[in-house]
K.L.:
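Shown below is the structure under consideration.
Please read all numbers here as calculations on a predicted model, not as lab measurements. In what follows, every heavy atom counts, from backbone to side chain, and hydrogens, waters and symmetry copies are set aside.
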Amino acid sequence: MFIAKELRQQNIVEYLLYMWQVEDTIRAFDCSLSRIRREYVERFDYNDEQKEDEIDWFGNLIKMMNEEGCREKGHLQINKVTLQLLSELHQQLLSSPKFPFYNAAYYKVLPFIVELRNRGANKEENEIETCMNTLYGVMMLRLQKKEISPSTQHAVKEITTFLGLLSDYYKKDKEEPLEF
């Protein structure tokens, strides 16, 4: 909860990746709040009040996952909405002549997006979702200490830069709405 709050304010892309990881963490503990408390939250250097806040947060997420049918796979509606907001901002930035730097970054990363979509199972996902899924997948591979090819590393570097730019625009838009 504490990490999520900070990330949401600072970098919406990192926040979303973190929330996807939280969903998977909850699944890894079989959506059991008592296990999450005992085996996960207790390891954090939090005081008792912070631990209780964290447990409440996980409890609410578990309840939402159960209600929304994403106990086994998929994403919470709150995370889907965040992804949709990013995608909408992406489209607004692309369609406006006021953001040539963003357009240049997009066209630099577009070949990677096309290649990833052609290799992926879900060809219906939007471009931002493709980028996010790629970053999350590579993050999972790194956690498993699996090898990542140089070409994938290069693509991830470019996608990270592009999504960082989108995240910066998202933050600016929240602070003072952008004029398209």
K.L.:
Using modelled atom types only, decide if a donor and an acceptor are shared between the side chain of Asn11 and the backbone of Leu7 within a distance under 3.5 Å.
P.N.:
no
K.L.:
Quick one: OG1 on Thr134 to CD1 on Ile159, what's the gap to the nearest 0.5 Å?
P.N.:
4.5 Å
K.L.:
Quick one: closest heavy-atom pair of Leu86 and Leu16, and the distance?
P.N.:
CD1-CD2, 4.3 Å
K.L.:
Check Leu17, Thr82, Leu85, Leu166 against Ile12 for a side-chain contact (heavy atoms from CB on, under 4.5 Å) and give me the one that passes.
P.N.:
Thr82
K.L.:
Between atom CD1 of Ile26 and atom CZ of Phe58, what is the distance when rounded to the nearest 0.5 Å?
P.N.:
5.5 Å
K.L.:
Shortest non-hydrogen contact from Glu129 to Leu83?
P.N.:
CG-CD2, 3.6 Å
K.L.:
We want to know whether Tyr169 and His90 form a side-chain donor-acceptor pair, criterion being a heavy-atom distance below 3.5 angstrom.
P.N.:
no
K.L.:
What distance do Gln84 atom CD and Asn126 atom CG have between them, rounded to the nearest 0.5 Å?
P.N.:
6.5 Å
K.L.:
Working note: Val156 + Ile148, criterion side-chain contact (heavy atoms from CB on, under 4.5 Å); need CA distance, chi angles, decisive distance, verdict.
P.N.:
CA-CA 10 Å; Val156 165; Ile148 299 156; 5.8 Å; no
K.L.:
Any salt bridge between Arg38 and Glu42, counting N to O under 4.0 Å?
P.N.:
no
K.L.:
What's the shortest heavy-atom distance between Arg27 and Lys73, and which atoms?
P.N.:
NH2-C, 3.4 Å
K.L.:
If you compare all heavy atoms of Ser96 against all heavy atoms of Asn103, which two are closest, and at what distance to 0.1 Å?
P.N.:
O-ND2, 3.8 Å
K.L.:
Mind checking whether Met139 and Trp20 have side chains closer than 4.5 Å, heavy atoms only?
P.N.:
no
K.L.:
Atom OH of Tyr136 and atom OH of Tyr18: how far apart are they, to the nearest 0.5 Å?
P.N.:
11.5 Å
K.L.:
To the nearest 0.5 angstrom, please state how far the NZ atom of Lys80 sits from the NE2 atom of His75.
P.N.:
8.5 Å
K.L.:
Would you please test His154 and Phe112 for side-chain contact (heavy atoms from CB on, under 4.5 Å) and show each step?
P.N.:
CA-CA 9 Å; His154 178 68; Phe112 300 115; 3.4 Å; yes
K.L.:
Report the C-alpha distance between Leu110 and Phe162 in whole Å, list the side-chain angles of each, state the deciding distance to 0.1 Å, and finish with yes or no for side-chain contact (heavy atoms from CB on, under 4.5 Å).
P.N.:
CA-CA 10 Å; Leu110 184 59; Phe162 169 66; over 6 Å; no
K.L.:
Carefully, step by step, assess Phe44 and Phe2 under the rule ring-ring contact (aromatic ring centres under 6.0 Å, His included).
P.N.:
CA-CA 11 Å; Phe44 295 119; Phe2 302 106; 9.3 Å; no
K.L.:
For Glu49, does its backbone N or O pair with a side-chain atom of Asn47 as donor and acceptor, under 3.5 Å?
P.N.:
yes
K.L.:
Report yes if some heavy atom in the side chain of Thr152 is under 4.5 Å from a heavy atom in the side chain of Leu141; otherwise report no.
P.N.:
no
K.L.:
Show the nearest heavy-atom pair for residues Glu23 and Leu76, with the distance to one decimal.
P.N.:
OE2-N, 2.8 Å
K.L.:
Here's a test for you: under side chain to side chain donor-acceptor pair (under 3.5 Å), which of Lys5, Gln9, Arg8 qualifies with Tyr15?
P.N.:
Arg8
K.L.:
Is a side-chain N or O of Ser95 found less than 3.5 angstrom from the main chain of Gln91, in a donor-acceptor match?
P.N.:
yes
K.L.:
State whether the number of non-hydrogen atoms from other residues, nucleotides or ligands found under 6.0 Å of Glu6 atom CD is greater than 12.
P.N.:
no
K.L.:
Are the side chain of Glu158 and the backbone N or O of Ala155 linked by a donor-acceptor pair below 3.5 Å?
P.N.:
no
K.L.:
Quick one: closest heavy-atom pair of Met19 and Ala4, and the distance?
P.N.:
SD-CB, 4.0 Å
K.L.:
For Glu147, does the CD atom sit with more than 12 other heavy atoms under 6.0 Å from it, leaving out its own atoms?
P.N.:
no
K.L.:
Would Leu165 and Phe101 satisfy side-chain contact (heavy atoms from CB on, under 4.5 Å), going step by step from the backbone distance to the final call?
P.N.:
CA-CA 9 Å; Leu165 187 58; Phe101 189 70; 3.9 Å; yes
K.L.:
I need the Gln92 CD to Lys98 NZ distance, nearest 0.5 Å.
P.N.:
12.0 Å
K.L.:
Between the side chain of Ser167 and the main-chain N/O of Leu163, is any donor-acceptor distance below 3.5 Å?
P.N.:
no
K.L.:
Determine whether a donor-acceptor pair (N or O, by modelled atom type, separation under 3.5 Å) exists between the side chain of Arg37 and the backbone of Lys51.
P.N.:
no
K.L.:
Taking only distance into account, with no hydrogens and no angle test, what donor-acceptor pairs under 3.5 Å do side-chain atoms of residues 170-180 form with protein atoms, sequence neighbours excluded?
P.N.:
unit_1, atom_1, unit_2, atom_2, d
Lys171, NZ, Gln10, OE1, 3.4
Asp173, OD1, Leu178, N, 2.8

K.L.:
Do Glu127 side-chain atoms and Ile113 backbone N/O form a donor-acceptor pair below 3.5 Å?
P.N.:
no
